[in-house]
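Letters go in sequence order (proteins before strands), and every chain restarts at 1.
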2 protein chains.
Amino acid sequence: MTVPRQAVLEVLSADDRYRSAEEIFFQLHEQYPAVGLTSVYRTLTLLAQMGLVERFDMGDGKARFRLRTGAEEGSSCRLICTNCMKVEPCDQEAVEDQAASGSMDDVTRSLETEYGFQLRRRVVEYYGLCVDCRRRNEEKRSQEEN
Amino acid sequence: MTVPRQAVLEVLSADDRYRSAEEIFFQLHEQYPAVGLTSVYRTLTLLAQMGLVERFDMGDGKARFRLRTGAEEGSSCRLICTNCMKVEPCDQEAVEDQAASGSMDDVTRSLETEYGFQLRRRVVEYYGLCVDCRRRNEEKRSQEEN
DNA sequence: CCCTTATTGAAAACGATTTTCAATTTCAAT
DNA sequence: ATTGAAATTGAAAATCGTTTTCAATAAGGG
C-alpha cells in the first residue's frame with residue numbers, strides 16, 4: 001500500500017459517483033500534490049483488475065470509475081443522463097416489476113414515477129462468449145489435453 | 001451526394017456487421033483509392049447525425065458503425081462477444097419471454113439455447129434526462145417564454 | 001540497515017479521432 | 001456548356017485520453 005494508491009482509494013471512497021481519471025487526479029491534488037496523473041491511471045487500472053473498481057466507458061471518450069459496492073454481481077442497471085452525463089445505479093428488478101410488461105412504454109412510465117427520469121433510449125447488452133469463440137475455446141482445451 | 005459518401009454507404013450496405021472507421025476505410029480503398037480516412041470519419045459522423053447510421057462505442061477505444069435498419073427505435077439489445085468483439089443484435093422480447101423470470105439464471109439459460117451464447121454479464125442502460133436536467137430544462141423554457 | 005523488487009513521476013509515445021487549410025468538386029443559376 | 005459561390009475533399013498537423021518508457025525513489029523482508 002503506497003501513497004498514490006491510498007490517495008486514489010480515499011477519493012473513490014468519498015462518494016459513489018462515476019468520475020473520470022482527471023477528476024480524481026484534481027481531487028487528489030489538493031491533499032497529495034506529489035501524486036501524478038500517471039499513477040492515478042495505473043492505480044485505477046490495478047483496482048479495476050482486482051475487481052475493486054468498476055470502469056465504465058461512456059460515449060464521450062473518457063472512462064469513468066467508481067468503487068464497487070458488492071451489491072452488483074455480473075449484472076448491472078443504470079440511469080444515464082445524456083445531458084449532464086451523470087450515472088445513477090438503479091434496481092432493474094424494481095423497474096421491470098413496476099412496469100406491467102417489458103414494453104418500452106411501460107418501462108418509460110415506471111422510470112418516470114420511480115426516478116423522475118425521462119427515458120429516451122433503452123440499451124440491453126449481454127456480454128459473454130459467442131458460439132464461435134466458445135467452440136474455438138473448447139477445441140483449444142481438448143488439444144491441450146493431448 | 002459525393003463520391004466518398006456514396007462509397008461509405010456502399011460498404012455499409014454490404015452487410016449489417018458493426019465495423020470500425022478503419023475497417024470501412026480499407027474496404028473502400030480497393031474500389032475507391034482516392035477516398036481518405038478523414039472523409040470516412042466525416043461521412044460516418046454525418047450519417048450518424050442524420051440517424052442513418054448507428055454509432056456504437058465498444059470498450060476498446062474504437063467506435064463501430066452500422067447502417068440503421070429501422071427495426072430498432074429507441075431501444076436496442078445486443079450480444080457482445082468479449083473474446084472476438086463481435087456484436088450481434090438480438091430480440092430482447094424473445095430472450096426475456098423465453099426466460100421464466102427476469103433473473104440472471106433464466107436469461108443465461110435462454111441465451112444459451114436460443115443463441116448458443118455463454119452469458120457473463122448483463123448490462124441494462126437507460127439513457128435520458130435525469131430529474132435535475134429535466135427541471136433545469138423546464139425552467140429555461142419558461143424563462144424564454146417571457 | 002541493506003538489497004532486491006516494486007512503484008513512482010515526468011516526459012515521450014500512442015492511437016483514434018478532429019481540425020486546419022488549400023485545392024477540388026458539386027450543383028444551381030446562367 | 002459555363003460560371004461561380006458554397007460545400008466537400010485529402011493530407012498533414014493538432015488534439016486528447018491513455019499508455020509506455022525510464023531513471024529515480026520508496027517499500028519492506030532478510
Roughly how many Å is it from [atom1] in [X] to [atom2] in [N], rounded to a whole number?
X	N	atom1	atom2	answer
A/E23	D/dT18	CD	P	11 Å
A/Q49	D/dT19	CD	P	10 Å
A/Y32	D/dA26	OH	P	16 Å
A/L46	D/dT18	CG	C1'	16 Å
B/Q6	D/dA7	CD	P	21 Å

For the atom pair [atom1] ([X]) and [atom2] ([Y]), what is the distance rounded to the nearest 0.5 Å?
X	Y	atom1	atom2	answer
B/T108	B/F117	OG1	CZ	10.0 Å
B/Y41	B/E22	OH	CD	6.5 Å
A/R78	A/R66	CZ	CZ	7.5 Å
A/I80	B/E125	CD1	CD	4.0 Å
B/Y18	B/E88	OH	CD	10.5 Å

Next item on the list: Give a yes or no on whether a salt bridge exists between A/R17 and A/D15, defined as a side-chain N under 4.0 angstrom from a carboxylate O.
Entry: yes

Contact list (N/O, under 3.5 angstrom) for nucleotides 23-29 of chain C vs protein:
unit_1, atom_1, unit_2, atom_2, d
C/dC27, OP1, B/M1, N, 3.3

Next item on the list: Give a yes or no answer on whether the side chain of A/T82 reaches the backbone of B/G128 with a donor-acceptor pair at less than 3.5 Å.
Entry: yes

Notebook entry, point to check: Are the side chain of A/R68 and the backbone N or O of A/G51 linked by a donor-acceptor pair below 3.5 Å?
Noted result: yes

What N/O pairs connect the protein and nucleotides 16-19 of chain C at under 3.5 Å? Give each pair on its own line.
unit_1, atom_1, unit_2, atom_2, d
C/dA16, O3', B/G61, O, 3.3
C/dT17, OP1, B/A63, N, 2.8
C/dT17, OP2, B/Y41, OH, 2.4
C/dT17, O5', B/Y41, OH, 3.3

Item checked: Paired nucleotide for D/dA12 [Watson-Crick or G-U wobble; both distances under 3.5 Å] -> C/dT19

